[in-house]
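Presented below is the structure to which this report refers.
Owing to the predicted nature of the structure, the values given are computational and were not obtained by experimental measurement. FYI, the numbering just counts along the sequence from 1.
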Amino acid sequence: MKKLFLILIALFIATSAISQTTFTRDYLTYKTIDATSVKIIDCSASAVSVDIPSIVSNEGNYYNVTIIGAEAFKRCYSLENVSIPESIRTIEEGAFYYCTKLTEINIPSNVTTIARNTFRECNVLTSFTIPNNVTYIGEYAFYECDNLTSIII
């Protein structure tokens, strides 16, 4: 009984450690979702061009990058373009909110959700292509994108 209890405690600690791990590589900060996946939770404000990897490593572990988290790139005033890999499935609320220099972004075909306020106030974004697999676009996703003249669905 005592052994079982110790094993359960060890598993709980290991699971808690995985769910709370954050780390930074290049301009991006990641948070583990589970044992094999991470989401981007922050980006350095000085980033101009970001190439999001599909796989990232931390302390010998490899993770699939599957989510761009809520407000991950918010107020990255220098950000001009972002390359998003096919591993991304979801772009959470306000992910690119107020990226006033963002001119180019390609959304991969695996993305199914573009959440509320995702590209709000991306003033120099002129065109945007929404992939076929997108089943949800949240309110104000392109609000105040003053130069947006073309959205292809």
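Around the CG atom of Asn61, the shell of radius 6.0 Å holds more than 12 heavy atoms that belong to other residues, nucleotides or ligands.
Between Arg25 and Tyr30, the shortest heavy-atom distance links the atoms CB-CE1, 4.0 Å. The heavy-atom pair separating Ser87 from Pro53 by the smallest distance is OG-O, 4.4 Å. Across Phe73 and Cys99, no two heavy atoms sit closer than the pair O-SG, 3.1 Å. Here the shortest heavy-atom pairing between Ile88 and Ile67 reads CD1-N, 3.8 Å. Looking at every heavy atom in both residues, Ile107 comes nearest to Pro131 through O-CG, 3.4 Å. Among all heavy-atom pairs drawn from Val65 and Val56, the shortest one is CG2-CG1, 3.9 Å.
A donor-acceptor contact under 3.5 angstrom links the side chains of Thr36 and Asp34, judged on distance only. In this structure, a donor-acceptor pair under 3.5 Å is absent between the side chains of Thr113 and Thr90. Judged by distance alone, the side chains of Glu86 and Ser109 do bring a donor and an acceptor atom under 3.5 Å apart.
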Verdict with supporting geometry, Asn81 and Ser49, side chain to side chain donor-acceptor pair (under 3.5 Å): CA-CA 5 Å; Asn81 60 65; Ser49 180; 2.7 Å; yes
Audit row: Arg116, Glu139, salt bridge (charged side-chain N to carboxylate O under 4.0 Å, His left out) steps and yes/no: CA-CA 5 Å; Arg116 185 173 198 251; Glu139 294 177 297; 3.5 Å; yes
Trace of the side chain to side chain donor-acceptor pair (under 3.5 Å) decision for Thr118 with Glu93: CA-CA 5 Å; Thr118 297; Glu93 185 170 333; over 6 Å; no
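Interatomic distance, Thr112 OG1 to Asn110 CG, rounded to the nearest 0.5 Å: 9.0 Å. Taking CD1 from Ile151 and SG from Cys145, the interatomic distance works out to 8.0 Å, rounded to the nearest 0.5 Å. Asn64 CG to Lys39 NZ: the interatomic distance, rounded to the nearest 0.5 Å, is 16.0 Å. To the nearest 0.5 angstrom, Leu148 atom CG is 9.5 Å from Cys122 atom SG. The OG atom of Ser54 sits 13.0 Å away from the CD1 atom of Ile84 when rounded to the nearest 0.5 Å. Rounded to the nearest 0.5 angstrom, Thr129 OG1 and Asn132 CG are separated by 10.5 Å.
Every ring-ring contact (aromatic ring centres under 6.0 Å, His included) that Tyr77 has, sequence neighbours left out, goes to Tyr98. Phe142 meets the ring-ring contact (aromatic ring centres under 6.0 Å, His included) test with Phe119, Phe128; sequence neighbours excluded.
Transitive grouping of hydrophobic side chains (ILVMFWY, heavy atoms separated by less than 4.5 Å) keeps Tyr140 and Phe96 in distinct clusters. Under the 4.5 Å side-chain heavy-atom criterion for grouping Ile, Leu, Val, Met, Phe, Trp and Tyr, Ile91 is not connected to Tyr136 through any hydrophobic cluster. Ile40 and Phe23 fall within a single hydrophobic cluster, where Ile, Leu, Val, Met, Phe, Trp and Tyr are joined by side-chain heavy atoms under 4.5 Å apart, directly or via other members.
Under the side chain to side chain contact (heavy atoms under 4.5 Å, CB included) rule, Thr103 has a single partner from Leu125, Thr126, Val124, which is Val124.
For Glu92 (side chain) and Ala70 (main-chain N/O), a donor-acceptor pair under 3.5 Å exists by modelled atom type.
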